[in-house]
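So the structure is just underneath, and the comments pick up after that.
Model, not experiment: these values are computed from the prediction. Labels below follow one simple rule: chain letters A, B, ... track the order of the sequence lines, proteins then strands, and each chain is numbered from 1.
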Amino acid sequence: MTKDTTKNNLLDKYNIAMWEEGKIEAFRQRLLTWYDKQKRDLPWRQTSDPYCIWVSEIMLQQTQVNTVIPYYERFIGTLPTIKDLAEAPEDVLLKLWEGLGYYSRVRNMKVAANQVMNEYGGLFPTEHKQILKLKGIGPYTAGAVSSIAFNQPEPAVDGNVMRVLSRLFEIDLDIGKASSRKVFEEMIRLLIDPDRPGDFNQALMDLGATVCTPKNYHPETSPVRDFNASYLNDSWKNYPVKKSKTKQTEEEYIVLGLINNQGEYAFEKRGSKGVLSGMLVFIMVDRSLLRQKNWKEFHQDPSVIEANELETLTRYLKQEYGLEVNIKNERKGKCTHIFSHLKWQLDIYEGMILNESPGSRELHYIHPDAFDRHPFPVPTQKVWDLITKITLF
DNA sequence: AAGCCGTGGCA
DNA sequence: TTGCCAAGGCT
């Protein structure tokens, strides 16, 4: 039995009707003409160096263009080649990444850079299959680098592309589900311009970022509105389909700015798993571990640690860190930090370290004058600003 | 498969 | 204020 290569099983399965060849070619031309005229002038569009394209694509993961631009300039300026990246100490990399978030991205880049040095002699691999094997490079980024840097007709399906295609074809798939991406990739394989695959992919993303946006979407302003089934059928408000996310869970911490007799603050490196893994934070103690069952009944003043909780805290610091401290029971300040899936409520207190003995957790002592030399995640920076803030009367 | 991983911007 | 969203990948 011979396979019918004119049919696409995945598109058939979801009853998606692809356009005929003439319409596809007209679409390519309309989209690329618009792109040639309207494309955004971005730093990584002034190079064809796969290393630079790669760096930009990693930074752009779940991060907006305007945020990325200064980070990209500084990163490429500091580490102009993949060899520089492979040889850079992790602290230097994290300092360049500080504030961008998702810090495993840059750690993975260093691993990938070493893969390229060891397996490809420092030359970025040119084949999509090889690129996909690099640490931190998934289906989207492999497609982006392949098409943009090496002119290969590979799909690069991100949130923009899924939103654009959902509206163009009235696709009812939930774009939040991982399995949906493959369907959109099959569509792109048929749509992509074989002569300008990189520009085609970028044009679709530009369209999603500037015209076919999640909010304030006006389909009549689109350069490809004639191709847009959801516009022609006035169903565009239904697309894309996306399930709403679950709310962040809240966690409350006492954060301690503990200073030793040399004027240094105590920090802790978070574990290798979980949020902010391997990053420096002030000592944080989960209040749910400290509080008694009915603490709310007798605890009135939120700026003061209740006596029982303070006692437990003191014991905890001795046991976990080997620290004897004198905590000033007057809240220095409070702040919140919101992650994608959780929310931290931080109450900040200061204290003096009276005695240190070996504890189960290692501490790092950093003098205020040296603070800027270390990479810190934003929550640590927020707490730092509160602790060192000069109070004006 | 679905939950985890940061941060800033915006209505 | 709150929730959503952004050029996703890993486990």
Side-chain angles (χ1 to χ4, degrees), chain A residues 39-40 42-45 53-72 94 97-109 111-112 131-149 155-164 174-182 184-185 188 198 200-210 212-217 240 242-250 270-279 281 335-344 375-382:
Chain A
K39 71 176 171 190
R40 292 172 291 174
L42 304 172
W44 46 90
R45 287 182 175 169
I53 307 293
W54 171 50
V55 170
S56 74
E57 290 299 341
I58 300 295
M59 286 187 171
L60 286 162
Q61 288 172 4
Q62 300 291 285
T63 311
Q64 303 204 89
V65 164
N66 287 337
T67 303
V68 165
I69 289 174
Y71 281 92
Y72 171 84
L94 286 172
W97 210 264
E98 184 182 56
L100 256 191
Y102 290 141
Y103 297 98
S104 64
R105 288 185 292 178
V106 73
R107 296 190 178 113
N108 288 339
M109 276 209 297
V111 174
I131 295 171
L132 189 54
K133 285 183 184 163
L134 299 176
K135 186 76 170 173
I137 294 190
Y140 163 75
T141 305
V145 175
S146 301
S147 62
I148 297 170
V157 173
D158 69 339
N160 284 314
V161 172
M162 289 194 281
R163 183 172 59 255
V164 169
D174 181 355
I175 66 169
K177 290 185 67 175
S179 58
S180 300
R181 198 201 64 249
K182 292 192 172 189
F184 293 105
E185 283 177 349
I188 294 296
F200 182 90
N201 282 337
Q202 292 186 90
L204 234 35
M205 289 189 273
D206 262 27
L207 189 67
T210 64
C212 187
T213 56
K215 299 167 188 172
N216 302 323
Y217 172 50
K242 193 172 185 180
K243 272 193 310 189
S244 62
K245 278 186 271 187
T246 55
K247 203 179 151 188
Q248 298 113 347
T249 57
E250 275 196 34
R270 293 179 64 83
S272 59
K273 298 166 80 172
V275 71
L276 297 179
S277 62
M279 304 300 286
V281 291
C335 67
T336 66
H337 189 77
I338 300 171
F339 299 87
S340 48
H341 59 295
L342 61 93
K343 181 194 276 192
W344 281 356
F376 293 105
V378 170
T380 304
Q381 295 176 22
K382 286 181 181 175

Base, sugar-phosphate alone, or nothing: which one does [X] contact when heavy atoms must sit under 4.0 Å apart?
X        : result
A:Val65  : base
A:Leu42  : base
A:Leu100 : base
A:Ala156 : nothing
A:Arg107 : nothing
A:Arg45  : base
A:Trp344 : nothing

Ring pair (Phe, Tyr, Trp, His ring centres under 6.0 Å) against A:Phe376, all qualifying residues, sequence neighbours excluded: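 By the ring pair (Phe, Tyr, Trp, His ring centres under 6.0 Å) rule, A:Phe376 matches A:Phe267, A:Phe371.
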Which residues pass the ring pair (Phe, Tyr, Trp, His ring centres under 6.0 Å) test with A:Tyr72, sequence neighbours left out?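 A:Tyr72 satisfies ring pair (Phe, Tyr, Trp, His ring centres under 6.0 Å) with A:Trp44 once adjacent residues are dropped.
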Please compare A:Phe376 and A:Lys243 by the position of their nearest nucleotide in DNA chain B and report the one closer to 5'.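 First, find each residue's nearest nucleotide; the 5'-ward one identifies A:Lys243.
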Contact nearer the 5' end of DNA chain B, comparing A:Gln61 with A:Ala178: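 It is A:Ala178, whose closest nucleotide lies nearer the 5' terminus.
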Identify, between A:Asn108 and A:Gln202, the residue whose nearest nucleotide on DNA chain C lies closer to the 5' end.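 Mapping each residue to its closest nucleotide by heavy atoms, the 5'-most match is A:Gln202.
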Given that A:Leu60 and A:Leu134 both sit by DNA chain C, which one's nearest nucleotide is further toward the 5' end?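 Looking at the nearest nucleotide for each, A:Leu60 comes out on the 5' side.
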Name all residues meeting the side chain to side chain donor-acceptor pair (under 3.5 Å) criterion together with [X]; count only those two or more places apart in sequence or in a different chain, and write none if there are none.
X        : answer
A:Arg270 : none
A:Lys382 : A:His337
A:Ser147 : A:Asn201
A:Asn160 : A:Asp158, A:Arg163

Expressed in whole Å, how much space separates the P atoms belonging to C:dT11 and B:dG6?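 Comparing P positions in C:dT11 and B:dG6 gives a spacing of 13 Å.
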Roughly how many Å apart are B:dA11 and C:dA7, using the P atom of each and rounding to a whole number?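 The same atom, P, in both gives a distance of 16 Å.
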Identify the two heavy atoms, one from A:Gly136 and one from A:Gln61, that lie closest to each other, and give their separation to 0.1 Å.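 Residues A:Gly136 and A:Gln61, closest heavy atoms: O-NE2, 3.9 Å.
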Would you list the protein and nucleotides 8-11 of chain B atom pairs, both N or O, that sit under 3.5 Å from each other?
none

Could I get the full list of salt bridge (charged side-chain N to carboxylate O under 4.0 Å, His left out) partners for A:Arg105, not counting sequence neighbours?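 Salt bridge (charged side-chain N to carboxylate O under 4.0 Å, His left out) check on A:Arg105 returns nothing, list empty.
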Ignoring hydrogens and angles, tell me if any N or O in the side chain of A:Tyr71 forms a donor-acceptor pair with the backbone of A:Glu98 under 3.5 Å.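 Between the backbone of A:Glu98 and the side chain of A:Tyr71 there is a qualifying donor-acceptor contact (under 3.5 Å).
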Donor-acceptor under 3.5 Å (A:Thr141 side chain, A:Gly138 main chain):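 Checked: no pair found.
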Could you list where the contact with chain A starts and ends along DNA chain C, reading 5' to 3', using a 4.0 Å heavy-atom cut-off?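 On DNA chain C, the outermost contacted nucleotides are C:dG3 to C:dT11.
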In whole Å, what is the span from the [atom1] atom of [X] to the [atom2] atom of [N]?
X        : N     : atom1 : atom2 : result
A:His341 : B:dT7 : NE2   : C1'   : 13 Å
A:Leu342 : B:dG3 : CG    : C1'   : 12 Å
A:Met279 : B:dG6 : CE    : P     : 8 Å
A:Gln248 : B:dC4 : CD    : C1'   : 13 Å

Taking side chain to side chain contact (heavy atoms under 4.5 Å, CB included) as the definition, give me every residue that meets it alongside A:Lys343, ordered by chain and number, with sequence neighbours left out.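 With neighbours one apart ignored, the set is A:Gln248, A:Glu250, A:Ile338, A:Gln345.
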Once rounded to the nearest 0.5 Å, what's the spacing between atom CD1 of A:Ile131 and atom CH2 of A:Trp54?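 Here the rounded value is 11.0 Å.
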What are the residues of residues 136-145 of chain A, sorted by number, that bring a heavy atom to within less than 4.0 Å of DNA chain B?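 Heavy-atom cutoff 4.0 Å gives no residues at all.
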